[in-house]
Amino acid sequence: MFMLKLIFRNAMRHKLRSSLTVVGVAIAVLAFGLLRTLVAAWYLGVESSSASRLVTRNAISLVFLLPASYQEKIRQVPGVTAVSYGNWFGGVYIDEKNFFPNFAVEPKTYLELYPEFVLTPEERKAFLVDRKGCVVGRKLSERFGWNRGDAVTLRGTIFPGDWEFVVRGVYDGSQRTTDETQFFFHWDYLNESVRKTTPRRADQVGFYILGLASPDLAAEVSLFVDGMFKNSLAETLTETERAFQMSFVSMTEAIIVAIRLVSYVVIVIIMVVAANTMAMTARERIAEYATMKTLGFGGWHVAGVVFGESLVLAMAGGCLGVALSFPAAQGIGRTLSQFVPVFRITAETIYLDLLAAFVVGAVAGVFPTWRGATINIADGLRRIA
Amino acid sequence: MTQQPCRQNIVSVQDLSKSYQRGAQTVPVLENITFEICEGEFLALMGPSGSGKSTLLNILAGIDKADSGTVTVGGVDISSLSETDLAQWRAVNVGFIFQFYNLMPVLTAYENVELPLLLTGLSRRERREHVETALAVVNLQDRMDHYPSQLSGGQQQRVAIARAVVTDPTILVADEPTGDLDRVSAEDVLGLMGRLNREFGKTIIMVTHDPRAAERAHLVRHLEKGVMSDSGR
């Protein structure tokens, strides 16, 4: 208890220096946590993907389509419980800067396969019976002020023209990681129009979503499906939803690696700064450490006082950084909502923040601790004179 | 002050030598020192700067080691003790009074005096009793909640003396205890040390440059170039 008192009072002895160190560690921990959260947000699609869903697309590229007639064949594959399909629509609301993901999907099977998109029974029914109906995520509806019954017009980029929809439901995510910024509508509505305007593009889909009886069947079903369409005009590539999402993330792998690297560099920099502060502190207090040893305190006592002070400063900074990360994440989440659907500080990030602060304190304290613990008493006492 | 008859030797030094290494050169500091100090003695060590008096004091107090020779304090040959054993021995047997007080600036007078008691098995209540008694001896009961920066030099040295005696050590060692004090405060501190010696029977070994401080001692020994002269006074 007495030693704790000594450690805390020593830590607050030079208020300006200690405050600057604490703020420095706090900013570093804040940056570390936010960068980690950004990386986690990048992987959101991967993290929220289901192990019991497969995605089938054209083997050449996602740009090439597949015949809609594949649906029935895929549905008959053993282990497949449901099949849905859809197209990336690529519509623009008013201005291109208002980006959000929008898909034309087969509504009934799609909602069955994605139970994490939670609609009320009334909304679900209203959506299914209205060919011009659409469903939007909660965040998207809040962003544009859309409510049920509102008419929304999207300008097609892949499928030219103005497309009119009526909002029939606003879904909530059942999990914290569920993307609430999506917009989806009836594939039939799209296909009918395409039949009239560009018949050669009609009755084709961009992807199939397959529901599995068990995640263990993923490899077997994938091989079976791709085997069925081998040597056809539109060969397929079937993979888990996770692998499908990873293929998007891997396109930006270099950016993620850079962000991760920067997050570690920030911690290393503050480690060096804190180590310098602690070395300076220990140098100033050598005579006090020598006095303690003169009174009979052992090297371990002195080591505890020096190391404790380093940890107190670093952990105070760590806690401040964690506390600041919540309002900072909220602000960033609001600002980047159109690019990053979910930007939340997770428990794992908090633990890593505190671990980073601990490591900073421990590393910064190693040299001063060793110096304080091994100081020759006579040499140390001479420092005061 | 007159020398008391010697009842029992508390410190015995035999053929003590110590040298320092300065680059490739070996500089002798103490050479074949042999002397004894009686229990209840008040000894002043005098000599010019660099004569080795502080080194000798440090060796007697167990915070430095001799190259050769033996030092026995209270029947314990401290030259053969390990660093850990020496630390424990110091905590029980030696009280230190430094020239610059060496108080912990973040601790109050009370807490500074309590510091050496943390190494004993005393309870919190027992520690309080000891600290209050020690502060009463140095007449600073009313300043126990003051930090060193709130005390004068003389008061700080009195706190340091209270810290030195609070464990009731075998010997008190003082290195230039009045070196940083004005005349009045120095007299005050020397008077207090004299009282500790007379009334409480404390054995005191004091290094000093100040002849007026040395006058308070029973015995004065001079060191010159690492060699101790015969008893002075």
Side-chain angles (χ1 to χ4, degrees), chain A residues 1-19 278 280-306 308-310 312-313 316 368 370-385, chain B residues 18 20 29 49 54-59 61-65 82-108 110-120 124 127 131 147-149 160 163-164 166-167 169 173 175-176 179-180:
Chain A
M1 195 64 195
F2 191 97
M3 284 299 169
L4 279 180
K5 191 160 57 181
L6 183 61
I7 288 168
F8 277 99
R9 287 192 196 167
N10 269 338
M12 292 316 294
R13 198 147 140 193
H14 293 286
K15 289 189 173 55
L16 180 63
R17 187 198 295 171
S18 299
S19 304
M278 282 311 299
M280 206 187 310
T281 302
R283 196 163 52 239
E284 286 171 3
R285 296 184 191 157
I286 283 296
E288 289 171 31
Y289 303 149
T291 303
M292 283 184 73
K293 291 179 89 172
T294 304
L295 297 178
F297 288 92
W300 283 108
H301 283 107
V302 176
V305 170
V306 186
E309 184 178 345
S310 183
V312 162
L313 289 175
W370 172 81
R371 202 166 173 214
T374 58
I375 182 74
N376 177 283
I377 299 175
D379 291 342
L381 290 175
R382 254 179 242 130
R383 295 295 182 90
I384 207 163
Chain B
K18 170 83 178 173
Y20 286 122
V29 182
S49 293
S54 288
T55 303
L56 177 59
L57 192 77
N58 287 344
I59 292 171
I63 57 177
D64 205 349
K65 289 245 181 189
S82 67
E83 285 297 327
T84 310
D85 290 340
L86 261 182
Q88 288 170 356
W89 176 83
R90 281 195 304 271
V92 176
N93 292 286
V94 188
F96 293 86
I97 304 165
F98 303 95
Q99 179 178 1
F100 297 103
Y101 335 126
N102 290 28
L103 299 175
M104 298 287 157
V106 292
L107 300 180
T108 62
Y110 178 94
E111 290 162 344
N112 265 291
V113 178
E114 189 184 13
L115 198 56
L117 293 177
L118 298 174
L119 297 169
T120 65
R124 197 188 177 97
R127 290 204 304 268
V131 173
Y147 287 91
S149 60
R163 181 180 64 185
V166 74
T167 53
V173 296
D175 192 356
E176 301 278 7
D180 196 46

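Order of the sequence lines fixes the chain letters, A, B, ..., with proteins taken first and strands second; residue numbering starts at 1 for each chain. Remember, predicted model here, so these are calculated numbers, not experimental data. Only heavy atoms go into these numbers, but all of them, side chains included; no hydrogens, no water, no symmetry mates.
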| Mind checking which of residues 4-13 of chain A sit less than 4.5 Å from chain B, heavy atom to heavy atom? | Lys5(A), Leu6(A), Arg9(A), Asn10(A), Arg13(A)
| task | Would you give the length of the straight line joining atom CG of Asn93(B) to atom OG1 of Thr167(B), rounded to the nearest 0.5 angstrom? | result | 8.5 Å
| said: Within the structure provided, determine whether Ile59(B) and Lys65(B) are in side-chain contact (heavy-atom separation under 4.5 Å). | reply: no
| query | Has the side chain of Asn102(B) got a donor or acceptor atom that lies under 3.5 Å from a matching backbone atom of Phe98(B)? | reply | no
| field | Which portion of Glu111(B) sits near chain A, non-hydrogen atoms under 4.5 angstrom | value | both
| field | Nearest atoms (heavy-atom pairs only) where Arg90(B) meets Phe96(B) | value | CD-CZ, 3.9 Å
| request: Answer yes or no: is there an ion pair linking Glu284(A) with Arg17(A), defined by an N-O contact shorter than 4.0 Å? | output: yes
| request: Counting only heavy atoms closer than 4.5 Å, note whether Leu118(B) contacts chain A via side chain, backbone, both or neither. | output: side chain
| query | Can you tell which of Val94(B), Leu115(B), Asn58(B), Thr84(B) has the highest number of heavy-atom pairs within less than 4.5 Å of chain A? | reply | Leu115(B)
| When you check the side-chain N and O atoms of Ser82(B) and Asp85(B), is any donor under 3.5 Å from an acceptor? | yes
| field | Which of Glu83(B), Glu114(B), Gln88(B) touches chain A most, by non-hydrogen pairs under 4.5 Å | value | Glu114(B)
| said: Once side chain to side chain donor-acceptor pair (under 3.5 Å) is applied, do any residues pair with Asp64(B), and if so which ones, sequence neighbours excluded? | reply: Lys18(B), Tyr20(B)
| query | Between the side chain of Lys293(A) and the main-chain N/O of Ile375(A), is any donor-acceptor distance below 3.5 Å? | reply | yes
| query | Is chain A contacted by the side chain of Leu119(B), its backbone, both, or neither, given a heavy-atom distance below 4.5 Å? | reply | side chain
